[in-house]
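So the structure is just underneath, and the comments pick up after that.
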Amino acid sequence: MRNARYVVLGLARPGRRWLSAVGRWAAAAALPVEFLPCPSSSELLTRVDSGRVFSAALLDGDLPAVDRDLLAALREAGITPLVVRGTRPERDWTGLGTVAVLSATFAPEDLLTTLAAHASMIDEGLARSVPAGQVRTSFVVPGRVAAVCGTGGSGASTAASALAQGLMADGRYGRPVLLADFCRRAEQGLLHHARAPLPGVLELLEAHRHGLPSDEQVLGLTAPVARRGYRLLLGLRAPHHWTMVRPRSLAAAVASLRHVFPVAVFDTDGDFESEEEAGSVDVEERNLLARHPTQRADVVFVVGRPGMKGLHSLARALGDVRRLGVDVDRIVPVVNLAPSAPQARADITQALGRLLAEAGTGPAPRPLFLPECQVEAAFQAGQALPAPLPALLVDAFAVTLQRTRAGLHLPARPVPEPVRPGALGVPGVEGRHA
């Protein structure tokens, strides 16, 4: 290639000797390198997004900004991330996504050898080509995931707690079971009387920002809920803390939870708007906590209430989940505080089906009806949530898992077929008599 050389970005604390040394080597043409130091991570990312092609990035291992998200952004842009050791304790740079690690006293031939092994020379006329990157993790993610969402006041947080309690009592899915509060306005701490300053989602994300914590460390960020059996991961301390949630750290954190817990129940908001829908990347990042686990859930419970307003909100929430890309077979509509009369429940099912058909959402899954129970007293006393809520939710979870595994389109529960008077013994209705 004519005029080919390595185009290298640099990010380091002021005064690093290797930073000025690489600049001198490049200026003196001692190496076939064009070196572009950046004073901050934001400028480095601005250069990455500028449309120019870069070979590699030399990164100061002491900088907090050199984390999983920055390294992933470089890799997705086709830029080789190279870390220069600092004075702080060594991180698992390979696990975070670094290609190679250089000592702080590397020589010109060390840099050239590393670039030749891991990066490509750039021709001045080469157009930029950015591969579509995917988040990769270094471990298997075997755990099942349930996401529970709904509009405000629908009882989604109660349903999530009841599901986690029921899964612990059921025992089919292994122990322990996790209840994770991924709502932007987190309230599971209030419902569980968590008054002491305890770790939660932010600490989990921070642990995955700069490394890969052990199973014991992940487990230590959760608290046991004695009367219900599951473990609780507390949510954001304030709604505006969503600005601290980064996509790759979140993906790694959720993968860790799935690795540690055989079943994780995520209590999420019903806000799933993306950048494509809202025209703002900030909106999508604000909704990351809800979008990420819901998209990957084996079963998604969408909770609403009866009545004209409640069913309208439930139908809208179901449409939002479908637009997120969740297959209808994985969705369970939940009508909380449902009437006990069969005819009233049939009317609710028909009304919900009409609303979904009018909205063009697609077929209406059969709803799960949760009766009114004394959950307020149970939360106030810190007791187990009353029957039959946990068992109903666990049964729906099991049926949905079985249906999606088999690839069948089955109703969530048997539907009796009416027999017209005089039809007994008529061909086509055999086996329907008592």
Side-chain angles (χ1 to χ4, degrees), residues 142-150 154-180 225 227-231 261-268 293-294 296-306 314 317-318 321 326-342 344-346 348-349 352-353 363-375 378 383-417:
R144 295 292 180 182
V145 170
V148 184
C149 63
S154 63
S157 294
T158 298
S161 300
L163 175 60
Q165 176 184 311
L167 289 168
M168 279 298 301
D170 185 271
R172 278 180 286 180
Y173 307 100
R175 300 183 179 207
V177 172
L178 174 71
L179 173 61
V225 181
R227 299 296 178 88
R228 300 179 198 134
Y230 53 79
R231 297 188 71 90
F261 296 94
V263 185
V265 179
F266 291 88
D267 180 14
T268 75
T294 304
R296 287 151 183 81
D298 299 287
V299 183
V300 179
F301 293 89
V302 185
V303 185
R305 300 182 66 166
L314 177 57
L318 287 167
V321 172
V326 180
D327 188 79
V328 68
D329 285 344
R330 294 191 286 135
I331 300 174
V332 179
V334 179
V335 179
N336 193 24
L337 305 176
S340 57
R345 293 188 173 190
I348 289 173
T349 302
L352 183 60
R366 181 172 292 276
L368 170 67
F369 293 99
L370 298 182
E372 185 172 358
C373 298
Q374 297 299 319
V375 295
Q383 301 291 333
L385 296 176
L389 298 185
L392 289 173
L393 289 160
V394 170
D395 287 346
F397 181 76
V399 169
T400 306
L401 274 184
Q402 183 178 10
R403 182 172 68 241
T404 53
R405 282 183 200 162
L408 301 175
H409 299 272
L410 301 176
R413 57 184 61 80
V415 180
E417 296 184 38

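Computed from a prediction, not measured in an experiment: that's the story for all the values here.
Pairing each heavy atom of Pro386 with each of Ala378, the nearest pair is CD-CB, 4.2 Å. Residues Thr349 and Pro367 come closest through the heavy atom pair OG1-CG, 3.6 Å. Closest of all the heavy-atom pairs between Arg172 and Val394 is NH2-CG1, 3.9 Å. The shortest non-hydrogen separation linking Val265 to Leu167 is CG2-CD1, 3.8 Å. Summarising the geometry of Val321 relative to Cys149, their closest heavy-atom pair is CG2-SG, 4.1 Å, with the distance given to 0.1 Å. In this structure, Ala387 and Cys373 approach most closely via the heavy-atom pair O-SG, 3.8 Å.
Side-chain contact between Leu385 and Gln165 is present, with at least one heavy-atom pair separated by less than 4.5 Å. A heavy-atom distance below 4.5 Å is not found between the side chains of Ser340 and Pro371. Side chains of Leu179 and Val225 form no contact here, defined as non-hydrogen atoms less than 4.5 Å apart. In this structure the side chain of Pro176 reaches within 4.5 angstrom of the side chain of Phe261, judged on heavy atoms. Residues Val302 and Pro333 fail the side-chain proximity criterion, which asks for heavy atoms closer than 4.5 Å. Here the side chains of Pro365 and Val328 are in contact, with some heavy-atom distance below 4.5 Å. A 4.5 Å side-chain heavy-atom check between Val299 and Arg144 finds every atom pair outside the cut-off. Side-chain contact between Thr400 and Asp298 is absent, with no heavy-atom pair separated by less than 4.5 Å.
Atom CG in Leu352 sits 9.0 Å away from atom CD1 in Ile348 (nearest 0.5 Å). Between atom CG of residue Leu337 and atom OG1 of residue Thr158 there is a gap of 9.0 Å, rounded to the nearest 0.5 Å. In this structure, CG in Asp395 is found 9.0 Å from CG in Leu368, a value given to the nearest 0.5 Å. A distance of 10.0 Å separates OG1 of Thr294 from CD1 of Ile331, quoted to the nearest 0.5 Å. Taking CZ of Arg330 as the start and CG of Leu401 as the end, the distance is 11.0 Å to the nearest 0.5 Å. A distance of 7.0 Å separates OG of Ser154 from CG of Asn336, quoted to the nearest 0.5 Å.
Here the side chain of Arg228 pairs a donor or acceptor atom with the backbone of Gln383 at under 3.5 angstrom.
Under the rule for a ring pair (Phe, Tyr, Trp, His ring centres under 6.0 Å), the partners of Phe266 that lie at least two apart in sequence or sit in another chain are Phe182.
Ring geometry, Phe397 versus Phe301: the interplanar angle falls under 30°, so the pair is classed parallel (tilted spans 30 to 60°).
Judged purely by distance below 3.5 Å, without hydrogens or angles, the side chains of Asp267 and Ser157 pair a donor atom with an acceptor atom.
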